[in-house]
Participant: 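Sharing a structure below in structure tokens format, with a few things to ask.
What you are looking at is a predicted structure, and each value in this text was computed from that prediction instead of being measured. Each ligand, and each atom within it, is numbered from 1 in the order the structure gives.
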Amino acid sequence: MQIAASMPAEDSKRRVLKDVFGFDDFRLGQAAVMEALLAGHHVLAVMPTGAGKSLCYQVPALVLGGLTIVVSPLVALMQDQVAALRLAGVAADTINSSLDRDANVAAWRRVAAGQTRLLYLAPERLMTPRMLEALTKLDVRLIAIDEAHCISQWGPAFRREYEELSRLRGIFPDVPIIALTATADETTRTDIAAQLFDGRVDTVVLGFDRPNIKLSIEPKQDSKRQLLNFVQRHAGRSGIVYCLSRKKTEEMAAFLERNGVRALAYHAGMSKDAREANQNAFMTLSGVVMLATIAFGMGIDKPDVAYVFHTDLPGSLEAYYQEIGRAGRDGRAAEAHMLFGLGDIRMRRLFIDDEGAPAEHKRRAHGRLDTLIGYCETAQCRRQILLGYFGESASPCGNCDNCLDQAPHADGDAEARIILAAITQTGERFGAAHVVDVLLGHETEKVLARNHHRLASFGTGVAHKKSLLLSLLRQLVAGGFLTLDSAGHGGLAVAEKGRELARGEASFRYRVDARQSSRGKIRPVDTAAGTEGLDSALLAALKAVRLRLARERQVPAFVIFSDRTLIDMAERCPRDLDAFAAVNGVGAAKLKDFGEIFLGAIAAHQSGLSG
Ligand SMILES: Nc1ncnc2c1ncn2[C@@H]1O[C@H](COP(=O)(O)OP(=O)(O)OP(=O)(O)O)[C@@H](O)[C@H]1O
Ligand SMILES: [Mg+2]
Ligand SMILES: [Zn+2]
């Protein structure tokens, strides 16, 4: 990569964007971040998932020359990035624990010889005295810290190895540092700025909205069925399904497989080889469903993920946002769907309490959970709540279940009072299932053993469906009328607000859950802009070529070309290399390496059509 030193920064970064990465325009925020870095400032870039944070340091790295150090928390992520950069003709290297010694030594030789532009390292490896000493002797011109929220103790993804990174600004006093993250509420943001930069940093915060992701939540009833229905509606598309436990990922994957869905599991308890094989299959093929714990996904950049499905409540709204951000990165319509039940709240509270963290930390974690529950139970536009949490205001989005279904609301004072009475009469220590049994007049063993069939409340709820009573209980908890005893067994107790309601001093309106997994209004999933009238046979042929190349090179398919690039290719039908170079996403190196191959496929397809 040669860039004339005298060229103004504006031109040189544009030229790198086009020549190396094949893109015509910067995305929102990218140019501003790059300019600040090129002017020698530290930058904290808070940009949504999939916004294109990587280019924010990759382009300046090439404009600046010398060596750029990139800190990244996961080995798999580093490997993908390095593979993608190399295909674009960029001298990138990584030194990490998954490579054998010889490979690491060879990589270091290239770095020391000044051949490497970007070096990817895990924080713990970078911060060893030996590595730091060696690096300070080299021509380091930029440092990038990806997934920077990992440094914040208050954040949900704290990693101890990240704390050490606060020493970097002292060790490399003249080198601009960029910290990048997709999830940072105000507290975390300030924390990152303080720790990494001592407050002296240009902060660029971009809108958080991912408007193409439809947001929806449904009460958890029979999660396997609900998942299967959902997955079948998106047959042939790739999706990620998050489960709370390792065991569940495997059970659910087996269940989907039995029902004819291509499904794989991913969790930290699997062997490294099995994990990598599944990750590679997911990244390379299309139409695979990945059942995963949160061990899977940070930095996953597979553009055609059509949905993220949560079978269980995530840890916080930040975590939720980060997780659903893996859907729809190609800009096409995508869905984020969650199942939500009272048991989830209990489980999450137990997690927090069992964590052994300081009291202040627990208090914050419970607070974050309350916010998430509020999001689940809201009758308002979900996107408004989500964006509001990140400090953005928005109008109703028209692409969440609450906007689309306009769930009707009803006056629930009477229903609430019979529920509150049943809870009070049973001693405020039983969980939802037992309270509902009492309300419905079920003479279960537990009811009889406790003499609860003698209570005045016994059978007072028979006019209602069990699902309605459970929904009311959830909404009463979410509304602060009831509390859920987290330390014990999920016992429900009446909160002060609930006593006011029982005395008629407060009122309660509830959302009528008419939404049914199988009947809900379903928007067409594929409303990809500009794909109408596209030659789908040609596109399929191009995808086949991509898959073959990806397999040969053992990289994920999107690293060769994104879907969007293939669509652009199929539309333009280039006949020669000049025309091929104009395709969005085709840079100089890929033009050289792949141009003829794809041109051949296009020509073969067209002669097949005419003949
Ligand atoms: N200017 C651009 N024009 C076209 N495509 C771009 C541009 N910038 C980035 N992209 C593409 O956008 C996709 C997402 O980029 P990237 O992986 O950097 O996202 P990210 O912001 O790091 O997200 P995450 O927070 O999930 O890691 C990539 O496939 C990348 O090639
Ligand atoms: Mg990223
Ligand atoms: Zn909405």
Side-chain angles (χ1 to χ4, degrees), residues 13-14 16-18 20-31 33-34 45-59 70-74 77-78 80-81 84-85 87-88 120 144-150 157 178-184 204 206 208-211 213-217 297-305 308 318 321-331 336 375 378-388 394-407 556-565 568 583-587 590:
K13 69 178 170 15
R14 253 190 198 285
V16 170
L17 183 75
K18 180 66 187 158
V20 180
F21 298 98
F23 299 134
D24 293 321
D25 294 298
F26 290 110
R27 289 211 187 135
L28 200 65
Q30 285 179 328
V33 169
M34 292 178 196
V46 184
M47 295 160 86
T49 51
K53 287 185 286 298
S54 315
L55 279 190
C56 288
Y57 59 83
Q58 290 168 346
V59 169
V70 183
V71 181
S72 175
L74 295 178
L77 225 138
M78 292 191 243
D80 279 359
Q81 294 252 354
L85 283 168
L87 282 184
Y120 282 76
I145 301 174
D146 205 0
E147 312 287 349
H149 56 281
C150 292
I178 175 170
L180 309 113
T181 177
T183 51
V204 176
L206 223 67
F208 280 86
D209 196 10
R210 296 284 310 279
I213 303 179
K214 178 187 163 184
L215 308 169
S216 57
I217 296 179
M298 197 191 272
I300 288 290
D301 183 32
K302 181 175 167 58
D304 58 345
V305 175
V308 168
E318 287 101 328
Y321 176 77
Q322 184 112 24
E323 284 153 21
I324 66 170
R326 285 153 204 152
R329 292 163 79 106
D330 53 9
Y375 170 80
T378 189
Q380 230 181 295
C381 169
R382 295 201 196 276
R383 204 171 307 268
Q384 270 185 326
I385 306 244
L386 190 58
L387 296 178
S395 41
C397 73
N399 196 23
C400 72
D401 48 3
N402 288 342
C403 281
L404 290 167
D405 295 353
Q406 292 297 342
F558 68 85
V559 164
I560 306 281
F561 282 130
S562 71
D563 277 6
R564 215 180 300 177
T565 296
D568 197 37
V583 173
N584 198 264
V586 177
K590 291 188 181 177

Participant: At the Zn ion (ligand 3), what is the angle formed between atom SG of C381 and atom SG of C403, rounded to the nearest 10°?
Facilitator: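 Answer comes to 100°, rounded to 10°.
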Participant: Please find the pair of heavy atoms, one from A182 and one from Y321, that lie closest to each other, and give the distance.
Facilitator: O-CE2, 3.6 Å
Participant: Kindly say whether Y375 contributes a backbone atom to a donor-acceptor pair with the side chain of R382 at under 3.5 angstrom?
Facilitator: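 Yes.
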Participant: Would you indicate which of K53, E147, K18 comes nearest to atom 22 (O) of ligand 1 when only heavy atoms are counted?
Facilitator: K53
Participant: Is there any N or O on Q30 that sits under 3.5 Å from an N or O of ligand 1?
Facilitator: yes
Participant: Taking K53 for its side chain and P48 for its backbone only, find out whether a donor-acceptor pair lies under 3.5 Å.
Facilitator: yes
Participant: As an exercise, identify every atom of ligand 1 less than 4.0 angstrom from a heavy atom of P48.
Facilitator: 21 (O)
Participant: Is S562 close enough to touch ligand 1? Criterion: a residue heavy atom under 4.0 Å from a ligand atom.
Facilitator: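 Under 4.0 Å: no for S562.
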Participant: Kindly say whether D24 contributes a backbone atom to a donor-acceptor pair with the side chain of R14 at under 3.5 angstrom?
Facilitator: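 Side chain of R14 to backbone of D24: a pair is present.
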Participant: Could you pull out the closest heavy-atom pair between L180 and A144, with the gap in Å?
Facilitator: CD1-CB, 4.4 Å
Participant: Quick check: does any side chain N or O of Q30 sit under 3.5 Å from a backbone N or O of G52, one acting as donor and the other as acceptor?
Facilitator: yes
Participant: Give a rough value, rounded to 10 degrees, for the angle at the Zn ion (ligand 3) between atoms SG of C397 and SG of C400.
Facilitator: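 With the Zn ion (ligand 3) as the vertex, the angle is close to 110°.
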Participant: Mind checking whether L55 has an N or O less than 3.5 Å away from an N or O of ligand 1?
Facilitator: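 Between L55 and ligand 1, no N or O pair is found under 3.5 Å apart.
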Participant: For ligand 1, is there an N or O atom under 3.5 Å from any N or O atom of Q322?
Facilitator: no
Participant: Is it the case that the side chain of R383 and the backbone of D209 share a donor-acceptor pair, with hydrogens and angles ignored and the cut-off at 3.5 Å?
Facilitator: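 No, because the side chain of R383 does not come within donor-acceptor range (under 3.5 Å) of the backbone of D209.
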Participant: Are A51 and ligand 1 in contact, using a heavy-atom cut-off of under 4.0 Å?
Facilitator: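 So A51 counts as touching ligand 1.
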Participant: Can you find an N/O atom of S54 closer than 3.5 Å to an N/O atom of ligand 1?
Facilitator: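 Right, the criterion is met.
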Participant: Can you sort out which atoms of ligand 1 are near D25, meaning under 4.0 Å from one of its heavy atoms?
Facilitator: 1 (N), 2 (C), 3 (N)
Participant: Atoms of ligand 1 less than 4.0 Å from A182 heavy atoms?
Facilitator: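 What qualifies from ligand 1 is 25 (O).
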Participant: Taking T565 for its side chain and N584 for its backbone only, find out whether a donor-acceptor pair lies under 3.5 Å.
Facilitator: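 Yes, the answer is positive, given that a donor and an acceptor are paired below the 3.5 Å cut-off.
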Participant: Answer yes or no: does an N/O atom from F26 fall short of 3.5 Å to an N/O atom of ligand 1?
Facilitator: no
Participant: Minimum heavy-atom separation for V33 and I178, please, with both atom names.
Facilitator: CG1-CD1, 3.5 Å
